[in-house]
Amino acid sequence: MALRAAVLRHVRIPIQTLTLTRRTIGGPSSTTLLRWMSSHDDHITKEEVIERVLSVVKSFPKVDPSKVSPDVHFQKDLGLDSLDNVEIVMALEEEFKLEIPDLEADKIDSTHLAIEFIAKHPMAS
């Protein structure tokens with residue numbers, strides 16, 4: 001513990017910042033600092049999430065693409081079973097490059113729930 005504290009006192013990691021000037025209509029300019037350390041500052045829009053979720057579901061082999069909508073239920077409307085549900089969630093994880101915890105994945109049984117979860121997830125890309 002003492003060694004760790006001694007090392008941390010001498011280690012310096014530079015953080016790049018960028019100063020931007022934002023102008024509001026009729027108002028003064030304000031300054032914003034951005035950290036360049038994060039690779040997840042370009043969060044996707046909800047419209048893009050909807051489009052990509054529907055694309056993943058439509059491309060699933062057992063799904064009739066004409067039945068897929070933003071509110072479709074995987075089992076009730078598409079006739080999929082629980083294993084198919086798991087496969088769709090795994091495909092969504094791959095598409096959006098994120099990991100959905102098992103407890104949350106079990107709750108995702110419709111495109112609506114998948115869209116809401118992914119749109120709110122800070123790491124979705």
Side-chain angles (χ1 to χ4, degrees):
M1 188 76 143
L3 177 62
R4 179 179 180 269
V7 170
L8 289 177
R9 266 183 269 158
H10 297 288
V11 174
R12 300 280 184 232
I13 300 174
I15 298 176
Q16 282 185 316
T17 58
L18 173 66
T19 305
L20 296 177
T21 304
R22 270 191 311 209
R23 293 191 181 258
T24 55
I25 298 174
S29 64
S30 62
T31 304
T32 306
L33 293 177
L34 297 177
R35 289 183 59 175
W36 286 55
M37 301 284 287
S38 175
S39 64
H40 298 287
D41 57 349
D42 55 340
H43 193 67
I44 55 180
T45 64
K46 187 165 184 177
E47 290 75 24
E48 186 179 353
V49 171
I50 293 169
E51 180 182 321
R52 288 169 62 189
V53 166
L54 295 181
S55 174
V56 168
V57 175
K58 285 178 182 179
S59 67
F60 193 72
K62 296 180 181 179
V63 170
D64 177 4
S66 66
K67 293 182 178 180
V68 178
S69 72
D71 295 316
V72 73
H73 191 275
F74 299 146
Q75 294 176 353
K76 293 177 186 172
D77 300 326
L78 299 177
L80 302 176
D81 60 25
S82 59
L83 182 57
D84 296 329
N85 199 43
V86 170
E87 290 180 17
I88 287 177
V89 171
M90 289 172 54
L92 291 170
E93 287 177 323
E94 188 174 319
E95 171 70 22
F96 291 95
K97 297 177 181 70
L98 55 88
E99 185 174 335
I100 301 173
D102 291 341
L103 292 175
E104 294 297 321
D106 291 341
K107 296 176 189 174
I108 297 175
D109 60 1
S110 66
T111 54
H112 173 74
L113 292 175
I115 290 165
E116 290 302 314
F117 180 84
I118 294 168
K120 292 177 184 175
H121 199 286
M123 302 296 276
S125 61

For this session: Tell me, with the steps shown, if V63 and F74 meet side chain to side chain contact (heavy atoms under 4.5 Å, CB included).
Result: CA-CA 9 Å; V63 170; F74 299 146; over 6 Å; no
For this session: Measure across E116 and K46 and return the closest heavy-atom pair with its distance rounded to 0.1 Å.
Result: OE2-NZ, 2.6 Å
Exercise. Within the distance-only criterion (no hydrogens, no angle test), does the side chain of S59 pair as donor or acceptor with the backbone N or O of S55 below 3.5 angstrom?
Worked result: yes
Exercise. In terms of hydrophobic clustering (I, L, V, M, F, W, Y; side-chain heavy atoms under 4.5 Å; direct or indirect links), are L113 and V49 co-clustered?
Worked result: no
Exercise. Quick check: are there more than 12 heavy atoms from other residues, nucleotides or ligands sitting under 6.0 Å from CD of E104?
Worked result: yes
Exercise. Can you tell me how far CD1 of I44 sits from CZ of R52, rounded to the nearest 0.5 angstrom?
Worked result: 5.0 Å
For this session: Show your reasoning for whether side chain to side chain contact (heavy atoms under 4.5 Å, CB included) applies to F117 and L92.
Result: CA-CA 11 Å; F117 180 84; L92 291 170; over 6 Å; no
Exercise. V86 and F60: same hydrophobic cluster, using ILVMFWY side-chain contacts below 4.5 Å?
Worked result: no
For this session: Give the minimum heavy-atom separation between P70 and L54, together with the two atoms involved.
Result: N-CD2, 3.8 Å
Exercise. Which pairs count as side chain to side chain donor-acceptor pair (under 3.5 Å) when at least one residue sits in residues 60-73, sequence neighbours excluded?
Worked result: K62-D84, D64-S66, H73-D109
For this session: Spell out, as yes or no, whether a donor-acceptor pair under 3.5 Å connects the side chain of N85 to the backbone of L80.
Result: no
Problem set entry | Within 6.0 angstrom of Q75 CD, more than 12 heavy atoms from elsewhere | yes
For this session: Identify the heavy atoms of V56 and A91 that sit nearest to each other, and give their distance.
Result: CG1-CB, 3.7 Å
Problem set entry | Residues, nucleotides or ligands: over 12 heavy atoms within 6.0 Å of L103 CG | no
For this session: Kindly compute the distance separating CD (E95) from CD1 (I88), expressed to the nearest 0.5 Å.
Result: 13.0 Å
Seminar exercise, completed: Taken to the nearest 0.5 Å, the spacing of I118 CD1 from E93 CD works out to 9.0 Å
For this session: Locate the shortest heavy-atom distance separating V89 from A105; write the atom from each residue and the value.
Result: CG1-CB, 3.8 Å
Problem set entry | same_hphob_cluster(L98, I115) at 4.5 Å side-chain heavy-atom cutoff | yes
